[in-house]
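Only heavy atoms go into these numbers, but all of them, side chains included; no hydrogens, no water, no symmetry mates. Quick note on labels: first sequence line is chain A, next is B, and so on, each numbered from 1.
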Amino acid sequence: MNPAARRRSARPLPAHPFKPLPAAFFAAATVAVARALLGVVLVSDSPQGRTAGRIVETEAYLCDDGACHASRGPTDRNRAMFGPAGRSYTYLIYGMYHCFNVVTAAKGVGEAVLIRALEPLQGLELMARRRGSDTPLALCSGPGKLVIALGIGSLPNGSDLRKGPLVLVPPGAYPPSGGAAAQGNIKVTTRIGITKDEHLPLRFYLEGSPWISRK
DNA sequence: AAACGGATGGGCT
DNA sequence: GCCCATCCGTTTG
(Lines give C-alpha, C1' and ligand atoms only; values in the text may rest on other atoms or scores of the structure.)
Protein backbone atom coordinates (compact mmCIF):
# COMPACT_ATOMS: atom_id res chain seq x y z
CA MET A 1 0.00 0.00 0.00
CA ASN A 2 1.44 3.39 -0.97
CA PRO A 3 1.60 6.27 1.57
CA ALA A 4 -1.38 8.15 0.09
CA ALA A 5 -3.59 5.05 0.26
CA ARG A 6 -2.41 4.38 3.80
CA ARG A 7 -3.36 7.90 4.86
CA ARG A 8 -6.77 7.51 3.25
CA SER A 9 -7.57 4.21 4.89
CA ALA A 10 -6.32 5.33 8.29
CA ARG A 11 -8.57 8.36 8.32
CA PRO A 12 -12.26 7.83 9.04
CA LEU A 13 -14.45 8.26 5.99
CA PRO A 14 -16.40 11.50 5.71
CA ALA A 15 -19.80 11.12 7.31
CA HIS A 16 -21.51 11.60 3.95
CA PRO A 17 -20.73 12.93 0.46
CA PHE A 18 -23.37 15.65 0.46
CA LYS A 19 -22.98 19.38 0.70
CA PRO A 20 -25.53 20.51 3.30
CA LEU A 21 -27.74 23.57 2.98
CA PRO A 22 -26.01 26.67 4.44
CA ALA A 23 -27.10 28.29 7.69
CA ALA A 24 -28.48 31.30 5.81
CA PHE A 25 -31.06 29.03 4.14
CA PHE A 26 -32.80 28.54 7.51
CA ALA A 27 -32.32 31.94 9.11
CA ALA A 28 -35.04 33.54 6.98
CA ALA A 29 -38.77 34.15 7.30
CA THR A 30 -40.43 30.89 8.37
CA VAL A 31 -43.04 30.85 5.59
CA ALA A 32 -40.30 31.37 2.99
CA VAL A 33 -38.28 28.51 4.47
CA ALA A 34 -41.36 26.25 4.56
CA ARG A 35 -41.78 26.83 0.82
CA ALA A 36 -38.06 26.55 0.02
CA LEU A 37 -37.81 23.22 1.86
CA LEU A 38 -40.10 21.58 -0.72
CA GLY A 39 -37.82 19.50 -2.95
CA VAL A 40 -34.99 19.47 -0.40
CA VAL A 41 -33.66 16.02 0.56
CA LEU A 42 -33.48 14.74 4.13
CA VAL A 43 -30.68 12.18 4.59
CA SER A 44 -30.47 10.02 7.72
CA ASP A 45 -27.47 7.83 8.50
CA SER A 46 -27.65 5.11 11.11
CA PRO A 47 -25.78 1.90 11.95
CA GLN A 48 -28.49 0.06 9.98
CA GLY A 49 -27.81 2.09 6.84
CA ARG A 50 -28.79 5.25 5.01
CA THR A 51 -32.33 6.40 4.30
CA ALA A 52 -33.28 9.53 2.36
CA GLY A 53 -36.41 11.24 1.14
CA ARG A 54 -37.44 14.37 -0.71
CA ILE A 55 -39.61 16.83 1.23
CA VAL A 56 -43.01 17.19 -0.46
CA GLU A 57 -45.15 18.67 2.36
CA THR A 58 -44.44 21.19 5.14
CA GLU A 59 -46.25 23.38 7.66
CA ALA A 60 -45.10 26.69 9.15
CA TYR A 61 -45.53 27.41 12.88
CA LEU A 62 -45.14 31.07 13.83
CA CYS A 63 -44.41 32.81 17.13
CA ASP A 64 -47.78 34.64 17.22
CA ASP A 65 -49.79 31.61 16.10
CA GLY A 66 -51.94 29.77 18.64
CA ALA A 67 -51.10 26.35 17.20
CA CYS A 68 -47.37 26.89 17.68
CA HIS A 69 -45.78 25.27 20.73
CA ALA A 70 -43.61 28.35 21.19
CA SER A 71 -46.44 30.90 21.08
CA ARG A 72 -46.63 31.15 24.88
CA GLY A 73 -42.93 31.49 25.52
CA PRO A 74 -40.05 29.11 26.11
CA THR A 75 -40.43 25.93 28.18
CA ASP A 76 -38.31 22.83 28.67
CA ARG A 77 -40.07 21.16 25.76
CA ASN A 78 -39.99 23.89 23.13
CA ARG A 79 -36.63 25.48 23.96
CA ALA A 80 -35.00 24.33 20.70
CA MET A 81 -37.47 26.45 18.72
CA PHE A 82 -35.90 29.57 20.21
CA GLY A 83 -32.37 28.45 19.34
CA PRO A 84 -30.42 29.05 16.15
CA ALA A 85 -32.02 28.24 12.79
CA GLY A 86 -31.13 25.01 11.02
CA ARG A 87 -31.43 22.86 14.15
CA SER A 88 -33.96 20.15 14.93
CA TYR A 89 -37.06 20.35 17.13
CA THR A 90 -38.63 16.94 17.76
CA TYR A 91 -41.45 16.26 20.17
CA LEU A 92 -43.62 13.38 21.36
CA ILE A 93 -47.23 13.46 20.18
CA TYR A 94 -50.16 11.35 21.41
CA GLY A 95 -47.81 9.38 23.63
CA MET A 96 -46.51 7.25 20.76
CA TYR A 97 -45.23 9.25 17.80
CA HIS A 98 -42.70 11.97 17.21
CA CYS A 99 -42.89 14.98 14.89
CA PHE A 100 -39.76 16.44 13.31
CA ASN A 101 -39.34 20.18 12.76
CA VAL A 102 -36.66 22.42 11.28
CA VAL A 103 -36.01 25.50 13.41
CA THR A 104 -36.19 28.78 11.48
CA ALA A 105 -35.98 32.56 11.93
CA ALA A 106 -33.64 34.52 14.18
CA LYS A 107 -32.31 33.17 17.47
CA GLY A 108 -34.78 34.06 20.20
CA VAL A 109 -37.80 33.82 17.86
CA GLY A 110 -39.77 30.60 18.46
CA GLU A 111 -40.67 29.40 14.98
CA ALA A 112 -40.21 26.17 12.99
CA VAL A 113 -41.30 24.15 9.98
CA LEU A 114 -42.96 20.77 10.49
CA ILE A 115 -41.90 18.17 7.91
CA ARG A 116 -45.11 16.32 7.04
CA ALA A 117 -44.25 14.00 4.15
CA LEU A 118 -41.36 12.71 2.03
CA GLU A 119 -40.97 10.98 -1.29
CA PRO A 120 -38.80 7.97 -0.33
CA LEU A 121 -35.54 8.02 -2.33
CA GLN A 122 -33.04 5.69 -0.70
CA GLY A 123 -33.11 2.82 1.77
CA LEU A 124 -36.72 1.84 1.06
CA GLU A 125 -36.11 -1.66 2.39
CA LEU A 126 -34.86 -0.31 5.71
CA MET A 127 -37.79 2.11 5.84
CA ALA A 128 -40.20 -0.77 5.23
CA ARG A 129 -38.63 -2.79 8.03
CA ARG A 130 -38.87 0.12 10.46
CA ARG A 131 -42.44 0.93 9.45
CA GLY A 132 -43.71 -2.62 9.25
CA SER A 133 -45.18 -1.94 5.82
CA ASP A 134 -44.16 -2.80 2.27
CA THR A 135 -46.31 -0.16 0.60
CA PRO A 136 -44.07 2.68 -0.67
CA LEU A 137 -46.92 5.18 -0.36
CA ALA A 138 -47.29 4.36 3.33
CA LEU A 139 -43.62 4.78 4.30
CA CYS A 140 -43.28 8.56 4.72
CA SER A 141 -46.77 10.01 4.07
CA GLY A 142 -47.23 11.67 7.46
CA PRO A 143 -45.12 13.37 10.14
CA GLY A 144 -45.15 10.38 12.49
CA LYS A 145 -44.48 7.92 9.68
CA LEU A 146 -41.42 9.65 8.26
CA VAL A 147 -39.81 9.90 11.69
CA ILE A 148 -40.15 6.13 12.05
CA ALA A 149 -38.98 5.44 8.47
CA LEU A 150 -35.82 7.53 8.89
CA GLY A 151 -35.22 6.36 12.46
CA ILE A 152 -34.98 9.89 13.86
CA GLY A 153 -37.36 9.66 16.82
CA SER A 154 -34.56 9.84 19.37
CA LEU A 155 -32.52 12.54 17.65
CA PRO A 156 -31.60 15.06 20.38
CA ASN A 157 -33.40 18.39 20.24
CA GLY A 158 -31.25 21.13 18.79
CA SER A 159 -29.21 18.86 16.51
CA ASP A 160 -27.42 20.75 13.75
CA LEU A 161 -28.97 19.71 10.43
CA ARG A 162 -25.81 20.67 8.53
CA LYS A 163 -23.66 18.10 10.31
CA GLY A 164 -25.39 14.76 10.58
CA PRO A 165 -26.31 12.05 11.24
CA LEU A 166 -29.39 13.84 9.91
CA VAL A 167 -28.69 16.33 7.13
CA LEU A 168 -30.69 18.54 4.77
CA VAL A 169 -29.18 18.71 1.29
CA PRO A 170 -30.15 20.59 -1.89
CA PRO A 171 -32.73 19.09 -4.28
CA GLY A 172 -30.06 18.27 -6.89
CA ALA A 173 -28.21 15.89 -4.58
CA TYR A 174 -30.49 13.10 -5.85
CA PRO A 175 -31.85 12.53 -9.37
CA PRO A 176 -34.91 14.68 -10.06
CA SER A 177 -38.29 13.13 -9.37
CA GLY A 178 -40.70 12.63 -12.25
CA GLY A 179 -44.41 13.26 -12.40
CA ALA A 180 -46.52 16.35 -12.00
CA ALA A 181 -44.76 17.41 -8.80
CA ALA A 182 -41.51 17.84 -10.75
CA GLN A 183 -42.99 21.10 -12.02
CA GLY A 184 -42.53 22.42 -8.51
CA ASN A 185 -45.86 24.23 -8.25
CA ILE A 186 -46.67 24.86 -4.60
CA LYS A 187 -50.17 24.38 -3.24
CA VAL A 188 -51.19 26.25 -0.06
CA THR A 189 -53.88 25.04 2.39
CA THR A 190 -54.74 25.18 6.08
CA ARG A 191 -52.81 22.99 8.46
CA ILE A 192 -53.79 19.47 9.51
CA GLY A 193 -54.76 18.24 12.96
CA ILE A 194 -54.82 21.55 14.85
CA THR A 195 -57.65 23.33 16.65
CA LYS A 196 -56.16 26.82 17.19
CA ASP A 197 -55.63 29.29 14.33
CA GLU A 198 -56.78 26.53 12.00
CA HIS A 199 -57.78 28.98 9.26
CA LEU A 200 -54.24 30.19 8.55
CA PRO A 201 -52.83 29.20 5.11
CA LEU A 202 -49.60 27.68 6.40
CA ARG A 203 -49.48 24.20 4.85
CA PHE A 204 -47.45 23.80 1.68
CA TYR A 205 -47.06 20.86 -0.66
CA LEU A 206 -45.86 20.01 -4.16
CA GLU A 207 -48.93 19.99 -6.35
CA GLY A 208 -49.47 16.60 -7.97
CA SER A 209 -47.18 14.70 -5.58
CA PRO A 210 -48.57 11.27 -4.72
CA TRP A 211 -46.43 11.22 -1.57
CA ILE A 212 -48.27 13.81 0.57
CA SER A 213 -50.11 12.87 3.77
CA ARG A 214 -53.58 14.01 2.70
CA LYS A 215 -55.32 15.82 -0.11
C1' DA B 1 -65.25 6.52 1.33
C1' DA B 2 -65.81 8.38 5.50
C1' DA B 3 -66.24 8.10 10.30
C1' DC B 4 -64.74 6.37 14.66
C1' DG B 5 -62.21 4.69 18.62
C1' DG B 6 -58.19 2.90 20.94
C1' DA B 7 -53.32 3.13 21.95
C1' DT B 8 -50.39 5.81 25.13
C1' DG B 9 -47.56 9.41 27.84
C1' DG B 10 -45.80 14.09 28.54
C1' DG B 11 -47.04 18.91 29.01
C1' DC B 12 -49.66 22.39 30.87
C1' DT B 13 -53.82 24.74 33.60
C1' DG C 1 -57.59 16.13 34.42
C1' DC C 2 -57.57 17.44 29.85
C1' DC C 3 -55.28 18.25 25.61
C1' DC C 4 -52.85 17.00 22.00
C1' DA C 5 -48.93 19.45 14.86
C1' DT C 6 -50.90 10.85 14.78
C1' DC C 7 -51.76 6.35 13.02
C1' DC C 8 -54.22 2.15 12.22
C1' DG C 9 -57.79 -1.20 12.29
C1' DT C 10 -62.70 -1.60 12.29
C1' DT C 11 -67.28 -0.19 11.39
C1' DT C 12 -70.76 2.13 8.82
C1' DG C 13 -73.17 4.20 4.88
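- Using a 4.0 Å cutoff on non-hydrogen atoms, the parts of residues 52-81 of chain A near DNA chain B are A:Thr75, A:Arg77, ordered by number.
- Across all strands shown, A:Arg131 has heavy atoms under 4.0 Å from sugar-phosphate atoms exclusively, and none from any base.
- Using a 30° and 60° split on the angle between ring planes, A:Phe18 and A:Tyr174 fall in the parallel class, below 30°.
- Among the atoms of the strands shown, base atoms are found under 4.0 Å from some heavy atom of A:Gly95.
- Using a 4.0 Å heavy-atom criterion, one finds that A:Leu114 contacts the bases of the nucleic acid, with or without backbone contacts as well.
- Running 5' to 3' along DNA chain C, contacts with non-hydrogen atoms of chain A at under 4.0 Å begin and end at C:dC4 to C:dC8.
- In DNA chain B, the stems built from three or more successive Watson-Crick or G-U pairs (distances below 3.5 Å) are B:1-7 with C:6-12, B:9-12 with C:1-4.
- DNA chain B is contacted by no residue of residues 135-142 of chain A, taking any non-hydrogen atom closer than 4.0 Å.
- Crowding of A:Asp134 atom CG: a count of heavy atoms from other residues, nucleotides or ligands under 6.0 Å not exceeding 12.
- In this structure, a donor-acceptor pair under 3.5 Å is present between the side chains of A:Ser177 and A:Arg54.
- In this structure, A:His98 has its ring center at least 6.0 angstrom away from the ring center of A:Tyr91.
- Applying a 4.0 Å cut-off to non-hydrogen atoms, the residues of residues 96-103 of chain A that approach DNA chain C are A:Tyr97, A:Cys99, A:Asn101, listed by residue number.
- First and last contacts of DNA chain B with chain A, using any nucleotide atom under 4.0 Å from a protein heavy atom and ordered 5' to 3', fall at B:dA7 to B:dC12.
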